[in-house]
Chemist: 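One structure is given below, represented as structure tokens, and several questions about it will come after.
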Amino acid sequence: MGFELSFIALAILILALLASTFRILREYERGVVFQLGRFWRVKGPGLVMVIPGVQQMVRVDLRTLVFDVPAQDVISRDNVSVKVNAVVYFRVLDPQKAIIQVEDYMVATSQLAQTTLRAVLGKHELDQMLAERERLNGDIQQVLDAQTDAWGIKVANVEIKHVDINESMVRAIARQAEAERERRAKVIHAEGELQASEKLMQAAEVLGRQKGAMQLRYMQTLSNIANDKSSTIVFPLPVDLLSGIVDMKEPKA
């Protein structure tokens, strides 16, 4: 009986050693192996053997990882306080650097993304944050990628999700937009008046060059006014027109 118990215990011990010796790494995983505390090599994917007590292995995921950057208080260049959050996409290119060069590359990248978001957006005005997100995304991505390169990490993309503004600033922006629309309307109206005045000036020059054209225009205007019977209109009669009528009535010598 005692021999059987010893055999069972030995079998369990052997199975435990085998289980701790052989590891299976998926296609998107790599194992950073340390031997007696020193880096040895990167293994995987597939079946990997690790000597218990002598070697230790740390798994690294090579897939694209994503995390949310919590809302950050940002003061824009024109002194407007906003809350901005974003999402970051990155992946590990060098498992050895990701494990050795930084304690926790996930936490380190997240903290770096928060400070970079505040630093980059603080250099721009509020209008740029709202209208030029694509360019700002590229600026943040480039800064992050340059700083995480030493950790063996590639930042693939950064997307600003929301730019939250307080209600007083929203009302100010609405007033600004309304004032801008009024300004454009006035400019368009003034341009129309300018074009109309230029056309009237050209018409006056044409009428002045043709003899009798002004009198014809005057008679046409009188005809248009005569159609309106709702009011009485008193107007002066041009002396040139009277002289023309008198000349017509005088008998020829």
Side-chain angles (χ1 to χ4, degrees), residues 1-74 84-121 134 136-162:
M1 186 69 178
F3 176 76
E4 293 179 354
L5 291 177
S6 299
F7 179 76
I8 293 174
L10 180 60
I12 294 174
L13 179 60
I14 292 174
L15 291 175
L17 288 175
L18 289 175
S20 61
T21 300
F22 294 99
R23 312 284 178 84
I24 296 178
L25 298 178
R26 297 180 177 88
E27 183 66 30
Y28 54 83
E29 291 180 326
R30 297 294 183 272
V32 180
V33 181
F34 295 87
Q35 183 169 288
L36 298 177
R38 297 177 62 88
F39 170 76
W40 185 43
R41 67 175 58 179
V42 177
K43 289 188 174 183
L47 184 64
V48 176
M49 186 179 70
V50 179
I51 302 175
V54 178
Q55 297 177 337
Q56 298 83 33
M57 187 186 73
V58 181
R59 292 176 182 261
V60 179
D61 195 330
L62 300 185
R63 292 176 295 180
T64 298
L65 305 177
V66 57
F67 64 86
D68 285 324
V69 180
Q72 302 295 308
D73 291 321
V74 179
V84 183
N85 63 344
V87 60
V88 177
Y89 299 85
F90 74 99
R91 61 190 300 261
V92 177
L93 294 182
D94 190 334
Q96 177 185 351
K97 289 183 178 180
I99 297 301
I100 296 177
Q101 298 298 328
V102 64
E103 180 181 1
D104 188 332
Y105 63 86
M106 189 77 176
V107 174
T109 305
S110 175
Q111 295 296 321
L112 183 61
Q114 296 178 33
T115 57
T116 303
L117 184 69
R118 292 194 298 267
V120 172
L121 295 184
E134 185 174 354
L136 296 179
N137 291 337
D139 293 343
I140 299 172
Q141 183 268 332
Q142 289 179 2
V143 174
L144 272 178
D145 190 42
Q147 297 186 12
T148 58
D149 183 66
W151 304 339
I153 293 174
K154 170 66 177 178
V155 178
N157 195 15
V158 177
E159 293 289 340
I160 297 174
K161 295 173 65 176
H162 301 291

Chemist: Heavy atoms only: give me the nearest Val50-Gln56 pair and the separation to one decimal.
Modeler: CG1-N, 4.2 Å

Chemist: Please test Arg30 against Val92 for side-chain contact (heavy atoms from CB on, under 4.5 Å), starting from the C-alpha separation and ending with a verdict.
Modeler: CA-CA 10 Å; Arg30 297 294 183 272; Val92 177; over 6 Å; no

Chemist: So which heavy atom on Ile153 is nearest to which on Tyr105, and how close?
Modeler: CD1-CB, 3.5 Å

Chemist: Distance from Ile99 atom CD1 to Asp104 atom CG, nearest 0.5 Å?
Modeler: 8.5 Å

Chemist: Over all heavy atoms of both residues, which pair between Thr116 and Leu112 is shortest? Give the atoms and the distance, please.
Modeler: OG1-O, 2.7 Å

Chemist: Set out, in order, the CA-CA distance, both residues' side-chain angles and the distance that settles side-chain contact (heavy atoms from CB on, under 4.5 Å) for Met49 and Phe22, then state yes or no.
Modeler: CA-CA 5 Å; Met49 186 179 70; Phe22 294 99; 4.0 Å; yes

Chemist: For Tyr89, enumerate each residue passing the ring pair (Phe, Tyr, Trp, His ring centres under 6.0 Å) test, keeping only those at least two apart in sequence or located in another chain.
Modeler: none

Chemist: Should Ile100 and Phe34 count as side-chain neighbours, where that means a heavy-atom distance under 4.5 Å?
Modeler: yes

Chemist: Who passes salt bridge (Lys or Arg N to Asp or Glu O under 4.0 Å) against Arg59, sequence neighbours left out?
Modeler: Glu29

Chemist: Please answer whether the main-chain N or O of Pro70 pairs with a side-chain N or O of Gln114 as donor and acceptor at a distance below 3.5 Å.
Modeler: no

Chemist: Can you tell me if Gln141 uses its side chain to pair, donor with acceptor, with the backbone of Asn137 under 3.5 Å?
Modeler: no

Chemist: Rounded at 0.5 Å granularity, tell me how far CD in Gln101 sits from OG1 in Thr148.
Modeler: 12.5 Å

Chemist: Please report the closest heavy-atom contact between Val32 and Gln96, naming both atoms and the distance.
Modeler: CG2-N, 4.3 Å

Chemist: Any side-chain heavy atom of Asn85 sitting closer than 4.5 Å to one from Val69?
Modeler: no

Chemist: Answer yes or no: are there more than 12 heavy-atom neighbours, outside Ile24 itself, under 6.0 Å from its atom CD1?
Modeler: no

Chemist: Considering all heavy atoms of both residues, which atom of Leu25 and which atom of Gly31 are nearest to each other, and what is their separation?
Modeler: CD1-N, 3.4 Å

Chemist: For atom CZ of Arg26, decide whether the heavy atoms of other residues, nucleotides or ligands shown that lie under 6.0 angstrom number more than 12.
Modeler: no

Chemist: Could you give the distance from CD (Gln55) to OG1 (Thr21), rounded to the nearest 0.5 Å?
Modeler: 9.5 Å

Chemist: List the atom of Asp145, the atom of Val155, and the distance in Å for their closest heavy-atom pair.
Modeler: OD1-N, 3.2 Å

Chemist: CG of Asp139 to CG of Leu117: how many Å apart, nearest 0.5 Å?
Modeler: 12.0 Å

Chemist: Decide yes or no for Lys43 and Met57: does some side-chain heavy atom of the first lie under 4.5 Å from some side-chain heavy atom of the second?
Modeler: no

Chemist: Is Leu65 close to Thr109 at the side-chain level, that is, under 4.5 Å between some pair of heavy atoms?
Modeler: no

